[in-house]
Enquirer: 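Dropping a structure here in structure tokens format, bear with me for questions.
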Number of protein chains: 2
Amino acid sequence: MHELPKGYTYAVAAAGFKKKDRLDLGLIVSGPPAVCAGVFTTNLFQAAPVRVCRNALASSATVRAIVVNSGQANACTGEQGVRDCETVRGMVGDLAGVPARDVLPASTGVIGPRLKLELWRAALPALQESLGQAGPEDVAQAMMTTDTRHKVASRVVELSGGRVRLLGMAKGAGMIGPNMATMLSFLVCDAQVDAAWWSGVLSREADRSFNRVIVDGDTSTNDTSLALANGASGVNADSAADREILAQAVRDVLHALAYELVRDAEGGTKVARICVTGAASDADAELVARAVGTSPLVKTALFGQDANWGRVVCAAGRSGAVFPPEKLTLRFGDVLVFAQGRPESGDLDALLEPVMKASDIPIAIDLGAGTGSFEVLASDLTREYVSINADYRS
Amino acid sequence: MHELPKGYTYAVAAAGFKKKDRLDLGLIVSGPPAVCAGVFTTNLFQAAPVRVCRNALASSATVRAIVVNSGQANACTGEQGVRDCETVRGMVGDLAGVPARDVLPASTGVIGPRLKLELWRAALPALQESLGQAGPEDVAQAMMTTDTRHKVASRVVELSGGRVRLLGMAKGAGMIGPNMATMLSFLVCDAQVDAAWWSGVLSREADRSFNRVIVDGDTSTNDTSLALANGASGVNADSAADREILAQAVRDVLHALAYELVRDAEGGTKVARICVTGAASDADAELVARAVGTSPLVKTALFGQDANWGRVVCAAGRSGAVFPPEKLTLRFGDVLVFAQGRPESGDLDALLEPVMKASDIPIAIDLGAGTGSFEVLASDLTREYVSINADYRS
């Protein structure tokens, strides 16, 4: 059971955007105006809701509501897409009793088609009825696309002024790569925070969590991570000590969600924790970690439970990072498999069998070239991933 | 029927490196010393045969023989791997009656294990017996790994001094990406050429062909492209006009082989010709072409015969290239699907159905930002690719 942050209400509805009788519309409303931080996709093509959120946050540090839908991305829909967003904000604002400008929209689904406004309108009574009856897990469920389960994580921390609660929800199972995933994540918190500080915390922690998971290396048009802090606990986080505690809690929640994203990768069966150390720079370590984590050959070997270390070494060698190849050491779990330019002797396959059979596989690469490091979580690549994505629109 | 370049003999044998009774050892011998150009993998981990070839070509511009095996890559085998190469060069040199230093080795297969020299020795009598009986297609077959068919292309051209012949053979169906594929290619020609010029031709044309095919974006430790010209035709290619004709023929042969590599991609069913124009620079065009050609989401959509233009646009938008998104236009075949930031109206799926059903799919992206351009050939991503690579070692 999650201890819920105070001052938020939730609503969901099944509008039928893509499938009948499936929750696909969610709403989070904060009683008090909530300080809001946002991090968005770096794709040049920014979906209409992303553009609307950016604009809204540029003119106000607080918001009252987030409305999210699955089934339609409202991306590559031109200016009409922005107008459709505004219509939605107006409708939802009326329903929740807040100004339209205080409603942030987020969408996920197929790129291209316009929002089906008639379905939105038809769903409003059910959404209204649900307000205050639903919980954050329902919203997490309404934003699922190919996700097989909803993703929620929470923390409670004691600050000097008292207890505050954080809860995060996320979706996203494919089109996940460097610089945000097709990923929506919303964090709600009842602490009272400084807006600039809160924004810095979200940027830093999203970078350390969501930006370090790899499913397929794609970066979507709709990636959105929002963090709300509404102060409803009455507890202020303004001392350095309190801020450190709260930032750590944000980190824990986002890391837990990021892990869940990879664990629920489209068709995925494995989570590889690829940890690169000993690089000439952090940037070089990142090149290696991402090359290994995106390599289809490494990812299919993970799926096959095959400790095919040659593919890992090969991906590191073509990553663009500079290091002396004879210095690279590679471990799967605790087992040293490669050093001094050649595999370790002994029956590696037998030693590695239990490591590869586990669902979480640690892969540690030391480049022997410096002190730079980087870590990513990567999924495997499976027949099921192909099936899901070859058939997604049909 | 190929008209064979003069002065070359071929041999093959089934040594049993990986499977019994399968051709896995090939030999090309040139009667006269042949001018030899080479292009090799850019991976930091260079397989032993790659290191040996580089050294050999650094000290001599001519060679007499190429020996190739499949089933074992002799990569990540340390100094022992180089010593094993030298043993092989000696054995094969004795067999062919040429100095060991004039024998270039090439290997493809699993990374890690040492060459099985006892199997090499046992296969020598059969290889000797085959010398002069086999043809280049047999060698092309002996170097196959997961390839489903051997790949050979040839040209005959008339130079001012007479007729010369070129023939190329290649292998490689996976681990194929930027900067050479897991790819071996050998071109034999009977023209008499200047070594420096010949080397320039191979570098340039390999870059325009093999370096522009994408199966999975990986770059192997063993990539090797060698081009031999032995002068056995007695025809010299030293005038500018003759050189242009011969260079064009090299280009034609390498492009034909590169196309065959993609057509025979592991599990592949489609060849996408991704042509990017209107970029601010050729480098930006290349970023977009490679992002689209490596995107698992684009590649699975191709497999699903789904004209999922949103994924193409999305990959272009996250490629790192800079362009005004509202200027991008996208065509599948002759059908304009996206312009001015939104999809074209009309029943695109119906219009695109015949385009997507074809085995070759032209995807043209204009960025509206300049005159830079780049083209790649990319395969699709299929369940079969995953099966092949999840099970490759077992």
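Atom set for the values below is all heavy atoms of this structure, side chains included, hydrogens, waters and symmetry mates excluded. Each chain gets a letter, A, B and so on, in the order the sequences are listed, and its residues count up from 1.
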Enquirer: Which one of A/L44, A/V313, A/T77, A/L381 has the most heavy-atom pairs closer than 4.5 Å to chain B?
Expert: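 Ranked by contacts with chain B, first place is A/L44.
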Enquirer: Hey, does B/V386 have a side-chain heavy atom less than 4.5 Å from the side chain of A/V386?
Expert: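 They are in contact (side-chain heavy atoms under 4.5 Å apart), so the answer is yes.
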Enquirer: Donor-acceptor pairs are to be reported for all side-chain atoms of residues 338-345 of chain B against protein atoms at under 3.5 Å, with residues two or more places apart or in another chain.
Expert:
none

Enquirer: Distance from B/E266 atom CD to A/L297 atom CG, nearest 0.5 Å?
Expert: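 With rounding to 0.5 Å, CD (B/E266) is 7.0 Å from CG (A/L297).
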Enquirer: Minimum heavy-atom separation for A/P296 and B/Y385, please, with both atom names.
Expert: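 Of all heavy-atom pairs spanning A/P296 and B/Y385, the closest is CB-OH, 3.5 Å.
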Enquirer: Which one of A/Q80, A/R383, A/E79, A/Q305 has the most heavy-atom pairs closer than 4.5 Å to chain B?
Expert: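 Max contact count across the listed options: A/R383.
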Enquirer: By a 4.5 Å heavy-atom criterion (distance strictly below it), what part of A/L302 contacts chain B: side chain, backbone, both, or neither?
Expert: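 Neither part.
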Enquirer: What residue, out of B/A75, B/C76, B/G112, has the most heavy-atom pairs lying under 4.5 Å from chain A?
Expert: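 Heavy-atom pairs under 4.5 Å are most numerous for B/C76.
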Enquirer: Determine whether B/F303 and A/N389 make a side-chain contact, defined as any pair of heavy atoms from C-beta on separated by less than 4.5 Å.
Expert: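 No, side chains not in contact.
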Enquirer: Can you say whether A/A73 sits under 4.5 Å from chain B via the side chain, the backbone, both, or neither, judging by heavy atoms?
Expert: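 Neither part.
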